[in-house]
Structure formats: structure tokens, C-alpha cells
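Here's the structure we're looking at; comments come further down.
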Amino acid sequence: MEFPEALAIYIHIPFCRWRCSYCDFNIYAGMQRWFAPYIEALGKEIRRFGEQAGQPLARTIYIGGGTPSLLPLPLLARLFEALHTAFRIPPSIEITMEANPSGLSVAYLEEVRRLGVNRISFGVQSAHHEELHLMRRDHTFEDACAHIAMARAAGFTNLNVDLIYGLPGQTLARWQETLEAVLALRPEHLSAYALMVEERTALQRWIREGRVPMPDPDLAAEMYEEARERLAEAGYRHYEISNWARPGYESRHNMVYWRYEPYIGFGAGAHSFIDGRRWVNALHPKDYIRRIEQGESPIAEEETLHPRTQMAEMVILGLRLVEEGIEDARFRARFGQGILEVYGSVVRELEELGLVRWDGARLRLTGRGSMLGNQVFWRFL
Ligand code: SF4
């Protein structure tokens, strides 16, 4: 396989204190004694890749999960040692770490910053105690405020706050209060995702048993509209369907995904995408560790994507960038055909429905299209 000159790097830390009620991610609770063997295995996987790929340049690094901020500092330091051995890491690149606003200190965050992390993404989710309780989060909103103040005191100047709207029983007024409370914290970046009731989650069970009402999708659409208006008024650019940033603070790592550029993922269940090939590592940390320790590949599944699938994915991901959209020149450079040559009739139909705009060089979602994204996306499949 040809390795690109520079790569975005994702590191998966699959551990959480417990599972939030809505979460179906690849995470595991109560595995503290596996933290050290996991980081050891992760270091080996990273170093192995670095040797094989000839110490490529890192474009961005994203340490996600799970809850990476559960890791003790010596283990985080080991992870960074491996990254510096395997990659050339320019000092200017974006290095993000996800954190739950619970149990951290200024000293911990200062040390995280010293290791090279320059962006923290806090899972705040709501400013309301009952909503946080319903989500089974391990923090209060007061904890979130205190942790954001700690991150500022530790010198972080690039913070993201994750929010969830469309919760069972949530009113528009409550969502407005959350938005106001979070705006007062002045984060550089905000992500707001509509709640999805996933299979086999506690939340799905509670809804099925009638203990919790079903979320109202029309109300969720109103909440999205409210976020768009209020965040624009507060000076945030709505650059991706679910993401807002102060100018210059757009997530560079996530831009790589939305622009359909290559990335490498390390750790249990991490995904990678290079040169039209996609693979995913073994999901369970114990299986992942065993494979690495026995010198086996951690890859559980891989596929080479048909060019037609790649075209559809590039358009769908590109359309998520509501301002930038998908540039015809980039599409053509990759596939040797323009967007209209491949999707002319679909684009015309979506234009008539008022869901997309084609300006001769780019395809973008309209405001209505960004609310009805899924109705647009499936037409390219
Ligand atoms: S903290 Fe995040 S990853 Fe962990 S259980 Fe909650 S939602 Fe899932």
C-alpha cells in the first residue's frame, strides 16, 4: 500500500467509568487494570506502523474514546513517546484530547498540555441536572464549568463543548437555557448532536418500558434551528451540520474526515482509511491486546471500497460542510469525472426540492437541506 506523505491520527481509548444511558460506542467500564497493558499494546501498534510507513508526517492527532482523561499521566506520556517515535509531529499541529468534566485538576491539565495536547473537547451535554441524570453522565454542569475554568488556568485556548439536544422530556426553553449557559463559558468550538436512541442502550429500554417518553423529532428540529440562530448571533460559524466554531477554530482533525482525506486509527475498534482501503481493529481491548502481544495484526475487518462507493461517501461527507460543500475540482481530481457527470439527475432533483445548491463549482446543502440531511444523503448511495 502507498502511504500518504501526511496523515491524520486517531487514537481510541475505549474506557469509561460507566456507560451513559444513550451510548452505544465501543467502550468498556470497570477495566482500570487493563489501562497499562492497553497503552503498552497501543504503543507497539503505533511504533510498528511508523516503521512500516517510514515515519510519516502527522497532520492532526485526536485522542478520543471513551474517556481518555481517565488515563493517568504516566500512561499518557508513554502514548506520546510512541507517537513521537513513529511520526514526525510538527509543533503547530492540532492535538485534541476528549475529556469528561469530572475528577481532573489544573495540574493534570497542565501536564496534558505539556505533552503536546492543545485542544480539549469536553463532553458537557446539558446544563440541567435532570437531563444529565437521565443521560447517566458522571458530572454536573457545575463540574463542567469548573473544568473549563481549570483548562483555561492550565493555558488551553482552544476548547470544544459537546452538547446533546432532543432529549426525552426536554423543552425548547430548557435547550435555550443550556445554550445560554454554555455560551457564557465562551468555548471556541461547539458540537450539538440530536439524541439518537440506539439499540441495546439503557435509554432504549426505558422508552420501551414506558418509563421515559419517546423524544419528539419535530421539537428536536426546532432546537436545531434555535441553535443555528443563537450561535450565529453569538459569532460562531456554522461550518458543519452539527458543528460551530469561532473563525479559525474549526476542528482540523474532523475536517480530514469530512473532506474524505486519509487517516490512520490506532487502538481497539479504531478505523483507518487510506488509498480507498478501510479497516477496523478488533473491538474488545482484551482481544486487541492479545493480538498485538502475539505479534498478530490487530485488524479485524478490511475492505477496498468500490470507486462508486468512494464517490458517494465523498459527496455525503462533503455536503456535511454546510459552507464549504463539496468542490467539483477536488472530486474530479480524485475520480476523473465531475459531480454532475456522475450525479446530474440526483442534483437536479434535490435542487428542485430546495435541498441543495449547485453554483457551477461546488455542491452545498441549503438551510432546509441541512435540517433534512439524511433525506439528501441516501440519494447518492
Ligand atoms: S462518556 Fe462518552 S463514550 Fe463514555 S459512556 Fe458516556 S457517551 Fe459513551
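Atoms considered below: every heavy atom in the structure, side chains included; atoms not considered: hydrogens, waters and symmetry mates. Counting starts at 1 for both ligands and their atoms, in listed order. Just so it is clear, the model here is predicted, and its values are computed rather than measured.
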Any side-chain heavy atom of Ile292 within less than 4.5 Å of one from Arg48?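 SC-SC contact between Ile292 and Arg48 confirmed.
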Closer than 4.0 angstrom: is that true for some heavy atom of Arg137 and an atom of ligand 1?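 Contact check Arg137 vs ligand 1: positive.
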With a 4.0 Å cut-off on heavy atoms, is Gly66 in contact with ligand 1?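 Under 4.0 Å: yes for Gly66.
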Under 4.0 Å from a heavy atom of Ile27: which atoms of ligand 1 are those, numbered in the order shown and with their elements?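 Those of ligand 1 that fall under 4.0 Å from Ile27 are 3 (S), 5 (S).
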Numbered atoms and elements of ligand 1 in range of Tyr22, under 4.0 angstrom, heavy atoms: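 Counting from 1, the qualifying ligand atoms are 7 (S).
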Going by atom types alone, do [X] and [Y] pair a side-chain donor with an acceptor below 3.5 Å?
{"X": "Gln294", "Y": "Arg290", "result": "yes"}
{"X": "Glu226", "Y": "Tyr165", "result": "no"}
{"X": "Arg137", "Y": "Ser126", "result": "no"}
{"X": "His12", "Y": "Tyr10", "result": "yes"}
{"X": "Thr60", "Y": "His253", "result": "yes"}

Among protein heavy atoms, which lies nearest atom 1 (S) of ligand 1, and at what distance?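 For atom 1 (S) of ligand 1, the nearest protein heavy atom comes out as Asn100 ND2, 3.4 Å.
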Among protein heavy atoms, which lies nearest atom 8 (Fe) of ligand 1, and at what distance?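 Protein heavy atom at minimum distance: Cys23 SG, 2.3 Å.
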Less than 4.0 Å between a side-chain N and a carboxylate O, is that true for Glu233 and Arg230?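 Yes.
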2.8 Å cut-off met by an N, O or S atom of Cys20 to atom 6 (Fe) of ligand 1: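 Of the N, O and S atoms in Cys20, at least one lies under 2.8 Å from atom 6 (Fe) of ligand 1, which means yes.
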Return yes when at least one N/O/S atom of Cys16 is nearer than 2.8 Å to atom 4 (Fe) of ligand 1, and no when none is.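 Within the cut-off used here (under 2.8 Å), Cys16 does place an N, O or S atom near atom 4 (Fe) of ligand 1.
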Checking contacts here: is it the side chain or the backbone of Asp138 that comes within 4.0 Å of ligand 1, counting heavy atoms only? Could be both or neither.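 The answer is neither; Asp138 stays 4.0 Å or more away.
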Proximity to ligand 1 by part of Trp18, non-hydrogen separation under 4.0 Å: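 It is the backbone that gets close, since no side chain atom is under 4.0 Å.
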